[in-house]
Amino acid sequence: MKFNATSIRQHEASKLLTKNFLETGKNILGDGLKLCQRAKAHHTQNPGTAFIVVEKKAIKEKINGKWQTNIYTLSRMHDAAQCGNAHLCPHCTSYKAAHMRGWIELELLPAAKSRNLCLGLLTLTARHRRDCDWSAYVQNFYSALGLFAISIDRAFKKIGYLGRLRTLESPVGNHGIHPHIHDLFTYAPGTDLAKFQEIALKHWKKALKKVGLDCNNHGINIKPEGKFDPLYVAKEMAAYDTKTGKTDDDEDSKNKNLFQLLDMSAKGDKQASTDWIRAASAIQGRDRWNVGQLAQKLGIPCPSNWKKPEGIAKIDPQRLLISYPQPQHMIATSPSNPRAGLAFILRAARNEAARPGTTQRMVLRMCDETIKAEVEQIKFKHAKTLAKLIKSGFTAEEKERLCAKIHGHCTFAIAEYRATTYSYMHPAPKHAPQAQEDYSDLIPGQELDFSLA
């Protein structure tokens, strides 16, 4: 089991978003993940303290093709903010995918069965290429989806269609971003889905043509009930292999989802970093999952209002709660830190029971890493300023004078940064208010008179 994968990916995403903002001056919708698991939850009762929970849990995982249940010691942030971005944030994707799987299994499937309806899987794709504006391409793709929904409405109603659960997947490969949707839709038993697919393909091609896109005969694929896993649409990291027909070329098998791009970027792959930012900009603001009116028509709660029934709570009797100052947590996990601070801290927390104090020491060490990186940035900034100001015609004395001036500014900026940061990490204790003397028992007319006679 990869304990630190989520934290490392999240840190890498934060670094890429921060770098993109510094270069372009523009935020990407979803950049709230930079505070996910770092800032405190909005309803917290302890805004000045960071908490980590360490407990043992049973994890079901597939090893060598077989499902096994193993007991692991896990550590996680407690009472921390969550951004809720299911496209870009590895942490929130995991939670929201698990919630959606529970809704499908406990609400959607029973409701469809009670109405004697089947569930099919509709996949829509379009031809894509790398040398285009990915944001414009995704916008056109969504425009085509809207046109397709209008034109095929009558055909859908004839097969017992009530609605769909839509999921957007946007892997990146040699031919650029490949957005495609999977619709888990209802249909009446006995429907000829092969014939319906032919009708749907014609409508889909017409919709794509109107927005300047196109597809081949494999641009649409429909799977009947029993030929796919209904929970596939809510998988955390889909394999993007639901289409049974051949794709435009065999290179599509090399597509990487956004989290795999983060893994490659963390290892120094510059192309993966660029592709992740381009993809994040292209899909910003769009939902990973959308239920539409399906829940309302089936008479069940929508996923946002649904809560999984609580079973018997199994709390680890050796559950450990670790606390340390929240300001130190913010600095230690800063995107400026060249190391994935949160991953290091959570790893240290798993060893807290055996070596008390390990977590606090790791937090302070990660703070030092962040401070060193910030100091280097200050030096680099002043070095660039010096390079712009110095002229080839300067004399040696003028150059020396300018260097001394910039060096003084740099030294002052570093000292000011260190003082501000350390005061934030270690705030001075607040002095207790001094007790005011009570003069209420003085007898009128008997006060001391210090005036001169």
Side-chain angles (χ1 to χ4, degrees), residues 4-28 30-40 48 50 52 77 80-83 85 88-91 261-270 272-274 276-277 280-281 324-349 359-386 406 409-427:
N4 302 318
T6 298
S7 300
I8 294 173
R9 289 169 176 167
Q10 190 170 350
H11 184 75
E12 185 65 21
S14 299
K15 288 171 59 178
L16 294 178
L17 289 171
T18 302
K19 180 182 178 182
N20 179 72
F21 175 76
L22 294 176
E23 293 175 350
T24 65
K26 297 180 181 179
N27 281 317
I28 294 177
D31 67 344
L33 72 83
K34 291 188 289 187
L35 292 177
C36 186
Q37 299 298 287
R38 294 184 61 223
K40 294 294 291 184
I52 297 178
M77 294 306 301
Q82 295 187 14
C83 66
N85 190 317
L88 306 181
C89 179
H91 172 79
L261 288 179
L262 290 176
D263 292 339
M264 297 166 65
S265 175
K267 296 176 182 178
D269 191 326
K270 301 299 183 182
S273 303
T274 303
W276 190 89
I277 284 294
S281 301
Y324 53 92
Q326 174 66 17
Q328 295 180 12
H329 180 70
M330 292 295 292
I331 295 175
T333 58
S334 168
S336 301
N337 192 337
R339 299 176 182 270
L342 184 59
F344 279 90
I345 293 170
L346 293 179
R347 186 182 69 176
T359 306
Q360 181 62 56
R361 289 193 295 271
M362 182 59 72
V363 171
L364 294 177
R365 180 181 174 186
M366 289 298 106
C367 287
D368 289 341
E369 293 288 340
T370 299
I371 292 171
K372 289 178 183 177
E374 292 280 3
V375 168
E376 290 300 318
Q377 289 182 15
I378 294 174
K379 291 180 179 178
F380 180 73
K381 178 181 177 181
H382 284 80
K384 287 180 64 176
T385 302
L386 177 62
I406 298 299
H409 291 171
C410 181
T411 303
F412 177 78
I414 292 174
E416 187 178 36
Y417 165 75
R418 288 185 182 276
T420 303
T421 304
Y422 283 124
S423 64
Y424 176 63
M425 289 175 54
H426 309 284

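From a predicted model like this one, the values you see are computed outputs, not experimental measurements.
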Where is the tightest heavy-atom contact between [X] and [Y], given as atom of each residue plus distance?
| X | Y | value |
| --- | --- | --- |
| A343 | N4 | O-OD1, 3.6 Å |
| V363 | A332 | O-CB, 3.7 Å |
| P338 | A373 | CD-CB, 3.8 Å |
| S265 | E12 | OG-OE2, 2.7 Å |
| G48 | P327 | O-CD, 4.0 Å |

Return all side-chain donor-acceptor pairs below 3.5 angstrom for residues 416-423, not counting sequence neighbours, or 'none' if the list is empty.
residue: T420; atom: OG1; partner: E416; partner atom: O; Å: 2.9
residue: T421; atom: OG1; partner: Y417; partner atom: O; Å: 2.8
residue: S423; atom: OG; partner: A419; partner atom: O; Å: 3.1
residue: S423; atom: OG; partner: T420; partner atom: O; Å: 2.8

If I take atom [atom1] from residue [X] and atom [atom2] from residue [Y], how far apart are they, to the nearest 0.5 angstrom?
| X | Y | atom1 | atom2 | answer |
| --- | --- | --- | --- | --- |
| L17 | K15 | CG | NZ | 12.5 Å |
| I331 | L364 | CD1 | CG | 10.0 Å |
| I371 | S336 | CD1 | OG | 11.0 Å |
| M77 | K40 | CE | NZ | 7.0 Å |
| Q10 | L88 | CD | CG | 11.0 Å |

Min side-chain heavy-atom separation [X]-[Y] under 4.5 Å:
| X | Y | answer |
| --- | --- | --- |
| Q37 | C89 | no |
| F344 | R365 | no |
| S334 | R38 | yes |
| S273 | D269 | no |

Does H91 have any ring pair (Phe, Tyr, Trp, His ring centres under 6.0 Å) partners at least two apart in sequence or in another chain, and if so, which?
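H91 satisfies ring pair (Phe, Tyr, Trp, His ring centres under 6.0 Å) with Y95 only.
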
Set of residues satisfying ring pair (Phe, Tyr, Trp, His ring centres under 6.0 Å) with respect to H11, sequence neighbours excluded
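Result, ring pair (Phe, Tyr, Trp, His ring centres under 6.0 Å) vs H11: none returned.
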
Sequence-distant partners of [X], side chain to side chain donor-acceptor pair (under 3.5 Å), two or more places apart:
| X | value |
| --- | --- |
| T370 | N337 |
| Q360 | Q328 |
| S7 | none |
| K34 | none |

Distance-only donor-acceptor hits, side chain of residues 379-386, under 3.5 Å, sequence neighbours excluded:
residue: H382; atom: ND1; partner: I378; partner atom: O; Å: 2.9
residue: T385; atom: OG1; partner: K381; partner atom: O; Å: 3.0

Residues that A349 engages under side-chain contact (heavy atoms from CB on, under 4.5 Å), provided they are two or more places apart:
I52, V54, S75, I322, T359

Taken in chain and number order and not counting sequence neighbours, the residues that satisfy side-chain contact (heavy atoms from CB on, under 4.5 Å) with N20 are T24, I28, I277

List in chain and number order the residues that pass salt bridge (charged side-chain N to carboxylate O under 4.0 Å, His left out) with E374, two or more places apart in sequence or in another chain; answer none if no residue qualifies.
none

Summary of salt bridge (charged side-chain N to carboxylate O under 4.0 Å, His left out) pairs that have at least one residue in residues 324-341, sequence neighbours excluded:
R339-E369

